[in-house]
**Student:** 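Dumping the structure here so I can ask a few things about it.
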Protein chains: 2
Amino acid sequence: MVKRISHKNSSCGVARPLDAIGDGWTLLIVRDAFDGLRRFGEFQKSLGLAKNILAARLRNLIAHGIMDTIPASDGSPHQEYALTEKGRGLFPLLVALRQWGDDFFFEPGEAHVLLVDRMRGLPVRKLELRSDDGRVLGPGDTVVQPAPEQTAKKRK
Amino acid sequence: MVKRISHKNSSCGVARPLDAIGDGWTLLIVRDAFDGLRRFGEFQKSLGLAKNILAARLRNLIAHGIMDTIPASDGSPHQEYALTEKGRGLFPLLVALRQWGDDFFFEPGEAHVLLVDRMRGLPVRKLELRSDDGRVLGPGDTVVQPAPEQTAKKRK
DNA sequence: CATGATAGTTTCAAATTAAAACCATGTGGT
DNA sequence: ACCACATGGTTTTAATTTGAAACTATCATG
């Protein structure tokens, strides 16, 4: 049922998430969810995609635990779609995507929107990867390494 | 030729980049390129995808200015594929993807790799979005806003 | 009870993907 | 020169996915 990217690479830390969101529409749905959309019709109107595709994508997002259906917030008899904790974890990724888009997909004069701090109204900083001791790290400054065995994952 | 995501949303800062990389294989190719792979055969062996698909993806990456062909680095008569500046700009996005994967796609005891600072061998920090004055911002703390007209884009 | 809105599913044609076969070029051995 | 083989693709063909449109179901409203 769920698309599976062939072989052993599915166990890599990049390939496995791509199995869940590596699709043109899915991240747009998630972005709309961050923007407060909740209802099937809202997503469809916002994105302009076919209803069957939207239904399939929402099913997939739910199957992966990224979104969930909640009974209803207002009185309406229909369900709503909301991001789970896992789904909200996509925030940095969406920001990275937007910043990359802003940097490389718009001509200097071209109108576009940018992300601002709601409180002060100023543009946010560029995302940067930092080492444990605070140095900014570029592509050449990192390596992947087997994680130490059995460390309980600390979240929050 | 190039896939186009229907309508007005293509002008949004998230949808436009997804047109270039919103595909299951493309980011894996880019990740492999960050890991130093350069040759057609290397990508194919690493990812295990069909050669026609790899050729199509590489063409698309080149068309979008994310990778480029360079004549040859060693003596071999074949060309190599290398990331452009725009392609290297995907580094934070790949890191975000990996960190999200590490956090939500692996069971606590499950073996996986993590990203470490090459210099000190310690795991890197979690990516976090910060305001201009340094506060960490979550999904609710930001808004998108029309960019001020005509500001020359500063890079580097 | 008719009408419409919302939230889907079904149907079917068109586009995309994947596997495998094929081809083209250069290399190394004899 | 000839043969085998490695690399880097393209072509062909079948299977899968996508997308548009039609259809269905449920509730609300007049």
Side-chain angles (χ1 to χ4, degrees), chain A residues 1-10 15 18-29 32-33 36-64 67-82, chain B residues 1-10 15 18-29 32-33 36-64 67-82:
Chain A
M1 196 60 130
V2 174
K3 186 172 68 169
R4 184 122 293 286
I5 288 178
S6 38
H7 65 146
K8 57 171 178 279
N9 278 82
S10 291
L18 279 176
D19 205 44
I21 57 160
D23 154 79
W25 290 116
T26 299
L27 280 178
L28 291 176
I29 295 171
D32 274 359
L37 304 199
R38 282 160 205 293
R39 301 272 293 264
F40 188 93
E42 291 178 317
F43 290 112
Q44 208 224 327
K45 183 143 45 78
S46 162
L47 298 173
L49 84 176
K51 303 189 332 165
N52 52 351
I53 305 298
L54 175 57
R57 290 299 173 276
L58 288 171
R59 257 196 302 277
N60 192 246
L61 283 166
I62 291 167
H64 277 95
M67 298 187 81
D68 205 354
T69 54
I70 55 179
S73 70
D74 59 350
S76 107
H78 298 293
Q79 59 190 352
E80 302 188 336
Y81 298 91
Chain B
M1 197 60 130
V2 173
K3 186 172 70 171
R4 182 121 294 285
I5 289 179
S6 38
H7 64 149
K8 58 171 179 276
N9 279 81
S10 291
L18 279 176
D19 205 43
I21 57 161
D23 155 80
W25 291 115
T26 299
L27 280 178
L28 291 176
I29 296 171
D32 275 358
L37 304 199
R38 279 155 208 295
R39 301 272 293 263
F40 187 93
E42 291 178 317
F43 291 112
Q44 209 225 324
K45 182 143 45 79
S46 163
L47 298 173
L49 83 176
K51 304 195 317 173
N52 51 352
I53 304 298
L54 176 56
R57 291 298 173 278
L58 288 170
R59 257 197 302 276
N60 191 245
L61 283 166
I62 291 166
H64 277 95
M67 297 187 82
D68 205 355
T69 54
I70 55 180
S73 70
D74 59 350
S76 104
H78 299 293
Q79 60 190 352
E80 303 188 336
Y81 298 90

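Scope of the values below: all heavy atoms of this structure, side chains included, with no hydrogens, waters or symmetry mates.
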**Student:** In whole angstrom, what separates L54(B)'s CG from dA20(C)'s P?
**Tutor:**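 It works out to 17 Å between those atoms.
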**Student:** Tell me whether E42(A) contacts the main-chain N or O of R38(A) through its side chain, where contact means a donor paired with an acceptor under 3.5 Å.
**Tutor:**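 Yes, E42(A) side chain to R38(A) backbone: donor-acceptor pair under 3.5 Å.
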**Student:** Report the distance from atom CD of E42(A) to atom C1' of dG8(C), rounded to the nearest whole Å.
**Tutor:**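 One finds 16 Å between C1' of dG8(C) and CD of E42(A), rounded.
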**Student:** Reckon Q79(A) has a side-chain N or O less than 4.0 Å from the OP1 or OP2 of dG8(C)?
**Tutor:**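 It does, given that an N or O in the side chain of Q79(A) lies less than 4.0 Å from OP1 or OP2 of dG8(C).
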**Student:** Rounded to whole Å, how long is the line connecting atom CD1 of I53(B) with atom C1' of dA20(C)?
**Tutor:**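 Rounding to the nearest Å, CD1 of I53(B) and C1' of dA20(C) are 13 Å apart.
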**Student:** Should T69(B) and L58(B) count as side-chain neighbours, where that means a heavy-atom distance under 4.5 Å?
**Tutor:**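 SC-SC contact between T69(B) and L58(B) ruled out.
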**Student:** Between atom CZ in R57(B) and atom C1' in dG9(D), what is the gap in whole Å?
**Tutor:**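 It is 16 Å, rounded to the nearest whole Å.
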**Student:** Whole-Å distance between dT7(D) P and E80(B) CD?
**Tutor:**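 So the two atoms are 14 Å apart, to the nearest Å.
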**Student:** Looking at the side chain of F40(B), which of dG9(D), dA18(C), dT17(C) is the nearest nucleotide?
**Tutor:**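 Looking only at side-chain atoms, F40(B) lies closest to dG9(D).
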**Student:** Figure out the NZ/C1' separation between K51(B) and dA24(C), and round it to whole Å.
**Tutor:**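 Going from NZ in K51(B) over to C1' in dA24(C) covers 11 Å.
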**Student:** Is R59(B) close enough to dG9(D) that one of its side-chain N or O atoms is under 4.0 Å from OP1 or OP2 there?
**Tutor:**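 Looking at the OP1 and OP2 atoms of dG9(D), neither is under 4.0 Å from any side-chain N or O of R59(B).
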**Student:** Supply the atom-to-atom distance D32(A) CG to L47(A) CG, rounded to the nearest 0.5 angstrom.
**Tutor:**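 So the CG of D32(A) and the CG of L47(A) are separated by 4.5 Å.
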**Student:** Parallel under 30°, tilted from 30 to 60°, perpendicular over 60°: which one fits the rings of F43(B) and Y81(B)?
**Tutor:**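 Plane angle over 60°, so perpendicular.
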**Student:** Rounding to an integer number of Å, can you tell me how far Q44(B) CD sits from dG8(D) P?
**Tutor:**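 Going from Q44(B) (CD) to dG8(D) (P), I get 10 Å.
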**Student:** Starting at CG of N52(B) and ending at P of dC22(C), how long is that distance when rounded to a whole Å?
**Tutor:**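 One finds 15 Å between P of dC22(C) and CG of N52(B), rounded.
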**Student:** To the nearest 0.5 Å, what is the distance between CG on L28(A) and CG on L49(A)?
**Tutor:**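 That separation rounds to 9.0 Å.
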**Student:** Is there a side-chain polar atom (N or O) of W25(B) under 4.0 Å from OP1 or OP2 of dA18(C)?
**Tutor:**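 Affirmative; the distance criterion is met.
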**Student:** Give a yes/no on whether any side-chain N or O of R39(B) is located under 4.0 angstrom from OP1 or OP2 of dA6(D).
**Tutor:**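 So the side chain of R39(B) is outside the cut-off, no N or O lying under 4.0 Å from OP1 or OP2 of dA6(D).
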**Student:** What contact category does F43(B) fall into here, base, sugar-phosphate, or nothing, at under 4.0 angstrom with non-hydrogen atoms?
**Tutor:**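 The residue F43(B) makes no contact with any strand.
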